[in-house]
Structures are given as structure tokens and as C-alpha cells.
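Worksheet: the structure to be examined is printed underneath.
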Amino acid sequence: MRISDEILKADGFDEAIIGSDYRTDRIVYSVRKCIKILMKRDMMTYEEALEYLEFNTLFAYLGEGTPIFLNDIDIDA
């Protein structure tokens, strides 16, 4: 789904949005939150969710408006 002529959104992952890139306004998603969404919504295991994201989303390039997926870490862990 497009939010403008250039900036793209990943369908089904609105709750994983953590911000936007300052220079390009591209949407930034938390990979950890995307995985949690897939595990809850689609009843996937962690491994299934990660594989799905890698194959269908993380490595896709749809032009300059392609969303950014941040591999965020828990610094308290």
C-alpha cells in the first residue's frame, strides 16, 4: 500500500512501525515486532515467521520508497 507516490508501507505491519527515516521519510519497521505479529496473527513459529519475512519482505526492493526494516535488539537482554 502506498502512502504517497514514493513512500511504501508493508501491509499488515502497522503495529511494527517505529518511525521514519529522517532524510528520506521512508517508514521504519521493527523486525522483532513484525515477527511477533506473524507469530500471533498467523500462528507461525519464530523460525517460520523469520523465514517468511526474509523471503517475502526483508530482501525485497521496490524502489527508493522501499520501507526500512530495522533489526532491533534488546539491550537489556
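For the atom pair Ile37 CD1 and Met44 CE, the distance stands at 12.0 Å (nearest 0.5 Å). Atom CG of Asp21 sits about 6.0 Å away from atom CZ of Arg23, to the nearest 0.5 Å. Atom OG1 of Thr45 sits about 14.0 Å away from atom OH of Tyr52, to the nearest 0.5 Å. Between the NZ atom in Lys36 and the CZ atom in Phe13 there is a gap of 14.5 Å [rounded to 0.5 Å]. The distance from the NZ atom of Lys9 to the CD1 atom of Ile17 is 5.0 Å, given to the nearest 0.5 Å. Rounded to the nearest 0.5 angstrom, Phe55 CZ and Thr57 OG1 are separated by 10.5 Å.
Side chains of Leu38 and Leu53 form a contact here, defined as non-hydrogen atoms less than 4.5 Å apart. Here the side chains of Ile27 and Ser20 are not in contact, with every heavy-atom distance at 4.5 Å or above.
For the side-chain contact (heavy atoms from CB on, under 4.5 Å) criterion with Ile35, the lone passing option out of Lys33, Arg32, Met39 is Met39.
Under a hydrophobic clustering in which Ile, Leu, Val, Met, Phe, Trp and Tyr are joined whenever their side-chain heavy atoms come within less than 4.5 Å, directly or via other members, Val31 and Ile18 fall into different clusters.
Taking every heavy atom of both residues into account, Ala60 and Asn56 meet most closely at CB-O, 4.3 Å. When all heavy atoms of Ile7 and Asp25 are compared, the closest pair comes out as CG2-O, 3.8 Å. Of all heavy-atom pairs between Tyr29 and Ala10, the closest is OH-N, 2.8 Å. Of all non-hydrogen atoms in Met43 and Glu48, the two that sit nearest each other are O-OE1, 4.3 Å. Closest approach of Phe59 to Glu54, counting heavy atoms only: CD1-O, 3.1 Å.
Side chains of Ser30 and Asp72: a donor on one and an acceptor on the other come within 3.5 Å.
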